[in-house]
Amino acid sequence: MKRFPLFAAAAFLLAACQSEAPDLRLNDLGYFERQGVNVLVFNNPFSGGFNDEKDSGIEVVHHGVRTIQGGAVRLSPTPEQWDLVPTMTSRTVDTLAQSIEVGMRYDWYDFDSRVVVQPKGKAVEISVYLDKPVPEALAGEAGFNIEFLPSQYWLKTYLVDGKPERFPRYAVSDTKVRPNEEKVRQFKGYRTYDDRGTGEFIEALPLSTGHEFLMAPDAPERMVKITSESEMKLYDGRMLAQNGWFVLRSVLPAGKTGKVLTWTVEPNAVPGWIREPNVGFSQMGYVPDQPKVAVIELDRKDKVKAKASVWKVEADGSEREAFSGPVKVWGEYYKYNYAKFDFSKLTEPGVYFLKYGDVRTGNFIIDPSVYDKITVATSDVWIPVHMNHMAVHEAYRLWHGEPFKEGYLQAPPSTDHFDLHWQGPTTDTKYKALELIPGLNVGGYFDAGDFDIETGSNISVVQNLITLWEQFRSERDETFVSEEQRYVELHRPDGVPDILQYIEHGVLNLVAQAEQIGHMAQTLSNSVLDNYHHLGDASGITDGLHYDPRLKPYQKSADGKSSGTPDDMWAFTSRNPGLDLQAATMFAAASRVLADRNPGLAQRALKQSIRLQEEGTKLMATDTTSRNRRRMNQGGNFSTALQLYVSTKDPKYLEQFTAAVWPALERMPMGAISAALDAVPYLDEAYKEKLRPYVEQYRDYILQLEEQNPYGVPIGLGNWAGGGQVTGFGTTVCNAHRHYPDIIGKEHIYKAPSWLFGCHPYHNYSWVAAVGAARPKQVFYGNNRADFSFIPGNMAPGLLFRQPDHFENYDDWPFLWGQNEGTIAGNVGYLIFGETFRNVEAN
Ligand SMILES: [Ca+2]
Ligand SMILES: [Ca+2]
Ligand SMILES: [Ca+2]
């Protein structure tokens with residue numbers, strides 16, 4: 001992506017000429033643009049994976065912030081995540097006519113529509129066309145919607161046909177109820193709501209109705225004028241779901257074809273606006289002798305300043321310039337221009353901040369100890385808060401009570417789940433559909449911002465915690481865990497290293513799965529969508545009573561132990577021998593580390609390990625599913641062989657490992673290098689020598705990253721931001737440096753932490769909640785996201801890419817999981833990275 005400054009200069013001159021006529025124009029990337037305003041038309045189509053992810057359709061990036069999205073024909077006034085989204089059937093960019101046309105289709109209703117967007121001066125005209133009238137079932141329901149980001153509009157004003165109003169800070173508008181029969185179908189026929197036996201669903205009523213809406217006249221950067229001959233209504237999507245947006249909507253007329261609706265949308269552009277520079281630096285600070293480079297992200301129209309400076313905060317509160325140096329242009333990367341400021345020469349411990357032009361950053365520390373505590377919030381708070389089947393207390397606060405007391409039922413065959421799970425045509429167990437599988441409500445970790453136990457993820461978490469324990473033996477004890485009392489208390493030492501207790505807690509659930517089910521479940525998850533989207537205390541997701549279908553919904557049995565509410569969680573039990581083998585490896589390692597701490601559990605783990613290893617191997621030999629083949633090919637088996645060799649010292653596993661590792665390194669050197677490096681401490685010098693050329697290749701990859709983007713780390717462009725990729729990269733670089741310091745210099749180990757702690761695009765906040773930084777991110781997609789808060793120690797996935805050129809990370813809106821969610825696997829990945837980095841850094 002890197003282009004040279006020469007081109008940047010040319011683009012600058014061209015842009016300067018165009019500023020005489022600042023109308024919206026269709027650019028080479030296929031969206032409409034003028035300085036401060038980007039109008040995107042299905043550059044990001046609805047993916048359908050989780051339905052409405054609030055990042056699709058017609059979108060507006062307004063003065064650098066994506067404040068409008070979801071522009072499309074929709075079937076509800078305030079669409080929720082699991083409402084149907086249209087499939088994009090065509091997208092035509094007509095450079096001559098300066099227009100973009102998109103075909104949309106709802107298969108379930110056999111309903112097609114088209115939207116055509118064309119610039120008209122500083123506005124775009126959006127028209128909806130129908131070749132056939134709106135189907136009868138959708139008359140009055142189908143409409144054209146666009147959505148406005150609440151956190152950027154609340155408390156601002158709007159004018160509707162000239163009448164002043166204010167966007168509400170909290171959802172408090174009016175609602176009505178309608179009979180369930182009238183509800184438009186939701187994702188796979190599931191329902192997002194629990195009607196409490198009323199037979200009715202809720203619909204939001206509009207805040208305002210009119211033909212001209214002027215949004216945010218009091219905030220020029222957010223001001224948008226929308227006019228139409230069709231009646232428009234403004235709704236508050238948060239009435240039904242906390243992650244809803246403000247929705248402007250016109251219902252499509254029934255019985256009509258051709259052009260059925262036209263809106264004119266004019267986002268204001270502030271004259272002369274240039275985006276404020278984003279000065280990226282490590283909020284966690286720097287150790288004295290490490291490289292210190294700030295990366296400055298600049299509007300392409302901004303002129304790069306020659307110099308930047310570092311200021312020291314003195315003990316008497318005064319400030320003085322401690323260093324000043326040149327700013328070097330790096331070049332363009334996607335939307336912006338980048339420059340670097342190297343202040344490595346500054347080594348004196350102290351409190352500092354950076355100055356670049358008018359920008360003054362928050363402060364940071366230079367000191368040998370800055371990295372000492374980078375993992376404590378994750379290990380002391382985030383991980384224990386995610387312990388399932390426990391009540392978790394912290395000082396005066398209850399994080400959550402004990403969830404899922406009623407246990408888990410066998411998922412019925414042929415279930416297509418809403419969180420991407422499924423149950424195959426049989427149960428694969430001795431249990432009948434909806435029969436209680438005893439003993440599963442123990443141990444385990446919530447997957448993420450949701451509360452299911454993802455078995456694969458839990459296995460890798462336990463495996464990683466074991467690796468961490470065996471490598472670094474952290475005896476840290478800040479957590480009280482009583483499995484007997486099902487009680488956790490944060491910041492209360494109990495004489496047992498926390499990491500052993502975390503391993504034990506994970507193993508308790510996984511061993512129970514192997515014993516009770518006979519093999520590993522895919523997942524233990526919600527049975528009904530209306531409790532899957534639960535926010536807050538996990539103990540309230542289900543009623544804690546066994547489901548008895550003989551009772552009526554919401555009715556309790558006389559003994560108070562069961563209810564007719566079908567809210568019990570399900571175990572999805574279709575057998576996956578690949579998962580069984582993964583568990584077998586982990587159980588072998590767990591039996592090793594738990595032998596002293598909990599001999600009974602260690603025995604059970606070993607027994608299941610041997611059984612699953614035998615059964616899994618046999619099944620794998622005959623298994624032809626692509627998932628397992630892929631796993632075999634990707635070298636999952638040589639990591640396993642290494643683990644087994646470390647556990648047992650049986651040379652047959654060493655043979656398996658060496659037979660697989662070299663072909664894997666040839667096939668995909670960057671994919672296999674991490675596992676190959678893990679083996680170095682256990683193998684001989686000959687192995688280490690043979691690996692050397694691959695480490696040299698890895699160095700070339702690291703150097704090439706510096707050419708690819710200004711931050712020198714792998715930047716993910718997927719629908720889930722690449723924080724995990726960066727921690728994985730950081731861990732691998734640290735291990736490569738540890739074993740091959742002559743090939744991988746120490747300077748490279750600081751790239752991943754710089755990115756994680758604030759040196760990255762969009763803003764310069766640390767991706768890790770609460771620790772070390774003057775300005776960590778403040779909102780995350782955790783189970784407390786409705787409070788616009790965080791769970792300390794969470795590492796956000798971070799920087800999300802939106803096609804074709806926009807990176808973002810909202811820090812005033814927690815609800816986009818792809819940028820703000822913490823997962824148990826991701827945060828344990830951060831813990832591994834942090835511990836590895838701290839140890840390698842200190843040596
Ligand atoms: Ca999940
Ligand atoms: Ca402890
Ligand atoms: Ca229940």
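Whatever order the structure lists them in is the order used to number ligands and atoms, beginning at 1.
Heavy-atom contacts from other residues, nucleotides or ligands closer than 6.0 Å to NZ of Lys188 number more than 12.
Ring centroid separation for the pair Trp570 and His417 does not come in under the 6.0 Å cut-off. In this structure, Trp767 has its ring center at least 6.0 angstrom away from the ring center of Tyr830. Ring pair Phe50/Trp82: centre-to-centre distance not below 6.0 Å. If you look at Phe451 and His400, their ring centroids are not closer than 6.0 Å.
Of all protein N/O/S atoms, those lying under 3.0 Å from the Ca ion (ligand 2) come to 6. For the Ca ion (ligand 3), protein N, O or S atoms under 3.0 Å: 5 in total.
Ion pairing between Lys54 and Asp52 holds under the 4.0 Å rule for side-chain N and carboxylate O.
Relative orientation of the His389 and Phe404 rings is perpendicular, given thresholds of 30° and 60° on the angle between their planes. Classification of the Tyr532-Phe418 ring pair by plane angle, with boundaries at 30° and 60°, yields tilted. Between Phe572 and His421, the ring planes lie tilted relative to each other; the angle falls in the 30° to 60° range.
Looking at Asp447 and the Ca ion (ligand 1) together, the shortest N, O or S contact belongs to OD2. Within Asp419, the N/O/S atom positioned nearest the Ca ion (ligand 1) carries the name OD2.
Donor-acceptor pairing under 3.5 Å is lacking for the side chains of Gln410 and Thr427. For the residue pair Lys777 and Asn794, no side-chain donor N or O sits within less than 3.5 Å of a side-chain acceptor on the partner.
The angle Asp452:OD2 - the Ca ion (ligand 1) - Asp450:OD2 amounts to 120°, with values rounded to 10 degrees.
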